[in-house]
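Right, one structure below, let's go through it.
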Amino acid sequence: MVSEAPEFDHRDQGTAEGLWREALPGLIGPLDDAGLEHLVVLAAHPDDESLGAGGLLARAAARGIDVTVIIATSGEGSHPESPTHTPAGLAEVREAEARAAVAVLAPTAALQFLRLPDGGLAGHAVELTRALERRVAAGGTGTWLAAPLRGDGHTDHDAAGLAAADVAERTGCALLEYPIWLWHWGSPGNALLTGAVALTLTGSELETKRRALQDYRSQVLPLSDAPGDEAVVPPAFREHFDRDVEVFLVSGLGAGSRVAASGGARGGESLDRAFFDDFYTGGADPWGFEDRWYERRKRAVTLAALPRARFRRAFEPGCSIGVLTAELAPRCDELLSTDIAQAPLERARQRLAGSPHVRFEQRTVPRDWPAGLFDLIVVSEIGYYCSRADLAELVRRSAEALTPDGVLLTCHWRHPVADYPLRGDEVQAAFRASSGLTVIAEHVEADFRLDLLVRPVSRPGIGS
């Protein structure tokens with residue numbers, strides 16, 4: 001599959017900091033930090049905490065606020081082609097650097113290393129979530145949880161952000177997501193920054209952050225002159241973290257947290273049947289499934305992504321008027337397609353009247369999940385209608401309903417929609433991080449992301 005941004009390489013030139021400095025004042029609002037009473041900062045790798053939230057850490061420490069820093073991995077994968085350092089050696093170096101950096105930012109902070117695998121954080125969501133929840137729950141009201149941005153472009157960052165969002169949803173703490181790699185591969189028009197807020201740093205806080213980053217010598221300087229030992233945070237990239245502001249996406253506001261809200265319906269309740277009933281009164285095909293080029297092209301990519309010519313039993317929740325259903329049907333022995341609303345189901349039944357192996361039912365997923373196992377599940381353009389709790393249930397149900405050789409295809413529009421509780425990137429990240437499945441193919445572009453997931457032991461044959 002063809003992949004576009006956020007695919008990136010740290011050795012690429014990336015987006016110039018000058019472009020961000022010009023654009024940020026018009027993109028972000030102020031962060032009111034008066035409600036901060038306990039701060040937990042989650043880093044996927046040693047240095048994330050200093051890059052993304054170093055100033056926030058310094059401010060909390062200066063106020064005498066309890067601070068906890070949790071570093072999920074030891075960063076042993078930062079230089080996979082290094083001829084001078086083994087992964088174990090790098091882990092030792094980076095943990096020592098983290099201790100020094102955190103001591104500069106917040107000398108009394110509690111620092112915890114989880115030592116989960118660098119590059120494999122998505123497969124350890126349970127351990128990460130449990131460790132995080134213990135620390136957050138101990139803080140009580142006024143707890144802020146800072147974590148990498150979901151959609152930041154690095155699988156470990158996405159997994160860490162998703163775990164933090166899950167904990168924030170269940171505990172009621174404020175969640176502040178900080179970008180890192182977005183500054184490298186993104187641009188000022190990126191939709192992920194919609195509703196962002198900024199913490200303006202004092203001169204002392206910025207200087208403290210700079211000193212902490214200097215302690216990460218293995219990242220800001222080359223390990224050696226040999227190929228494979230290049231700096232992971234070279235000067236041009238480091239400029240993004242030398243600003244007098246730190247940028248956050250805020251959600252999951254808890255009691256005692258007075259924060260400038262990020263806007264939109266992110267993290268709200270799932271859209272109910274009444275919403276869709278009203279939507280379909282405006283026309284038989286309100287999303288333009290039949291006519292829009294985006295929809296026709298996306299269906300072609302979806303069908304091309306499927307690794308087998310035929311499937312035994314397939315499930316398509318959210319089938320709407322059955323346009324994708326009609327193209328899936330010839331490749332399935334049995335196909336169950338459902339929708340929350342009755343009106344589109346009637347049109348879908350008419351469209352597939354000559355296909356007795358296709359069954360239509362009115363169901364609200366994940367609550368009304370069908371019984372049995374499926375070797376193909378297509379979750380396309382429905383996840384962002386869910387609350388965070390319902391999305392977690394949707395991920396769980398989808399994974400549990402997959403046969404050992406089954407395939408789960410997820411695909412979602414990436415741009416924000418004010419009425420939707422979540423964004424497509426959040427949905428895709430949830431499946432990647434929490435399903436326990438392995439991504440075997442992906443397609444990423446400005447408008448949508450598609451992932452193909454299977455059980456880790458499964459090896460679907462191409463063209464079989």
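- Side-chain contact between Ser78 and Leu90 is present, with at least one heavy-atom pair separated by less than 4.5 Å.
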task: Decide side chain to side chain donor-acceptor pair (under 3.5 Å) for Asp339 and Ser320; before the verdict, give the C-alpha distance in whole Å, the side-chain angles of both, and the deciding distance to 0.1 Å.
output: CA-CA 6 Å; Asp339 201 87; Ser320 187; 5.0 Å; no
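- Side-chain atoms of Arg363 never come within 3.5 Å of backbone atoms of Thr338 as a donor-acceptor pair (strictly under, hydrogens ignored).
- A salt bridge links Arg312 to Asp405: one of the charged nitrogens lies within less than 4.0 Å of a carboxylate oxygen.
- One N or O on the side chain of Arg455 and one on the backbone of Ala399 form a donor-acceptor pair closer than 3.5 Å.
- With sequence neighbours left out, Ala60 forms a side chain to side chain contact (heavy atoms under 4.5 Å, CB included) with Leu36, Leu39, Ile65, Val67.
- In this structure, Asp47 pairs ionically with Arg94, as a charged nitrogen and a carboxylate oxygen lie closer than 4.0 Å.
- Ion pair Arg432/Asp158 not flagged as a salt bridge, since none of the NZ, NE, NH1 or NH2 atoms sits closer than 4.0 Å to an Asp/Glu carboxylate oxygen.
- A salt bridge does not link Arg388 with Asp166: none of the charged nitrogens is closer than 4.0 Å to a carboxylate oxygen.
- A salt bridge between Glu133 and Arg130 is absent, with no side-chain N of the basic residue lying under 4.0 Å from a carboxylate O of the acidic one.
- Between the OG1 atom in Thr364 and the CG atom in Leu271 there is a gap of 11.5 Å [rounded to 0.5 Å].
- With values rounded to the nearest 0.5 angstrom, Leu409 atom CG is found 9.0 Å from Leu328 atom CG.
- Interatomic distance, Asp375 CG to Leu402 CG, rounded to the nearest 0.5 Å: 8.0 Å.
- Between His412 and Phe448, the distance separating the two ring centers is not shorter than 6.0 angstrom.
- A distance of 11.5 Å separates CG of Leu114 from NE2 of His124, quoted to the nearest 0.5 Å.
- Between atom CG of residue Asp152 and atom NE2 of residue His184 there is a gap of 11.5 Å, rounded to the nearest 0.5 Å.
- Under the 6.0 Å cut-off for aromatic ring centres, Phe237 and Trp183 do not qualify, their centroids lying 6.0 Å or more apart.
- Put simply, CZ on Phe311 and CZ on Arg331 are 6.0 Å apart, with the number rounded to the nearest 0.5 Å.
- No salt bridge links Arg367 with Glu393; every basic N to acidic carboxylate O contact stays at or beyond 4.0 Å.
- Salt-bridge formation is not detected for the pair Arg217/Glu97: no Lys NZ or Arg NE/NH1/NH2 atom is positioned less than 4.0 Å from an Asp or Glu carboxylate oxygen.
- Under 4.0 Å is where a charged nitrogen must lie from a carboxylate oxygen, and between Arg238 and Asp242 no such pair does.
- For the pair Arg313 and Phe374, the cation-pi test (distance below 6.0 Å, angle within 45°) is passed.
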Between Trp369 and Phe315, is a ring pair (Phe, Tyr, Trp, His ring centres under 6.0 Å) present by the stated rule, with each step listed?
CA-CA 10 Å; Trp369 193 269; Phe315 177 39; 5.0 Å; yes
